[in-house]
Amino acid sequence: MTKTTRTILLLATLTITGCGSSQRSTDDTSRLCPAVMDTNLAVHCAVNGPSVAVTIASLDDQVARETCDRLAIKLRPLTWHLSGAWQLQIFSPYRSDKHTASCPLH
C-alpha cells in the first residue's frame, strides 16, 4: 500500500467517524423534547444550546426537583454521550423570574 493510499484511507476513516458522531448528537438532541413531552409531565420544552428548558404546570419547588430527576433518568439514553455540561432546567408558567429546578444531563 502506498503512502498516498494510506493517507486517503486515514482521511476517509476520520471523516466518516466524525460525521457519524456529529449526526448522532444532532439526532439525539432533536429527540430530547419529544421524549420529554411523551412523559406528559411538561407543557413546553425547548433545547437551547447545552440546556433543555422544560415548563411544568406547578409552582411547587419540590415537584420541580422530582420532575427534573425523573426526566433526567428518562433522557439518559439520549444524553449519556453528549459532550459538555448539559443541564435540564425546570420552569413554571407562574414564575418567570428563574427556573425552579435544575439537574445535570449525562
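Here the structure is a predicted model, which is why all the values come from computation and not from measurement. Throughout, numbering of the chain's residues begins at 1 and tracks the sequence. Reckoned from all heavy atoms, side chains included, excluding hydrogens, waters and symmetry mates.
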Exercise for the section: Please identify each residue that fulfils side chain to side chain contact (heavy atoms under 4.5 Å, CB included) with Arg76, with sequence neighbours left out. Expected result: Ile73

Exercise for the section: With sequence neighbours excluded, give me every salt bridge (Lys or Arg N to Asp or Glu O under 4.0 Å) pair touching residues 50-62. Expected result: Asp61-Arg95

Completion exercise
So the side chain to side chain donor-acceptor pair (under 3.5 Å) pairs with at least one residue in residues 84-94 (sequence neighbours excluded) are Gln87-Ser102

Fill in the blank from the handout: Heavy-atom nearest pair, Ser30 first then Pro34, reads O-CD, 3.4 Å

Problem - Student check: side-chain heavy atoms of Leu82 and Thr29 closer than 4.5 Å - result: yes

Exercise for the section: Could you state whether Leu41 and Leu75 fall into the same hydrophobic cluster, counting links through intermediate Ile, Leu, Val, Met, Phe, Trp or Tyr residues with side-chain heavy atoms under 4.5 angstrom apart? Expected result: yes

Problem - Pairwise distance CG(Leu105) to SG(Cys68) - rounded to 0.5 angstrom - result: 7.5 Å

Exercise for the section: Work out which heavy atom in Ala57 is nearest to a heavy atom in Val43; give both atom names and the distance. Expected result: CB-CG1, 4.3 Å

Handout entry: Gap separating the SG atom of Cys45 from the CD1 atom of Ile56, nearest 0.5 angstrom
Key = 12.5 Å

Handout entry: Val47 reachable from Phe91 in the ILVMFWY side-chain graph, under 4.5 Å edges
Key = no

Problem - CA sep, side-chain torsions, deciding dist, call: Thr79, Leu32, side-chain contact (heavy atoms from CB on, under 4.5 Å) - result: CA-CA 8 Å; Thr79 61; Leu32 293 175; 3.5 Å; yes

Problem - Nearest-0.5 Å distance that lies between atom CZ in Arg70 and atom CD1 in Ile90 - result: 11.0 Å

Handout entry: Selection residues 36-59 - residue pairs positive for side chain to side chain donor-acceptor pair (under 3.5 Å), sequence neighbours left out
Key = none

Practice task
Mind checking side chain to side chain donor-acceptor pair (under 3.5 Å) for Arg65 and listing every partner two or more places apart, or none if nothing turns up?
Solution key: Gln62

Problem - Minimum heavy-atom distance between Leu88 and Ala72, given as atom pair plus value - result: CD2-N, 3.9 Å

Problem - For Asp69, all residues meeting side chain to side chain contact (heavy atoms under 4.5 Å, CB included), sequence neighbours excluded - result: Cys103

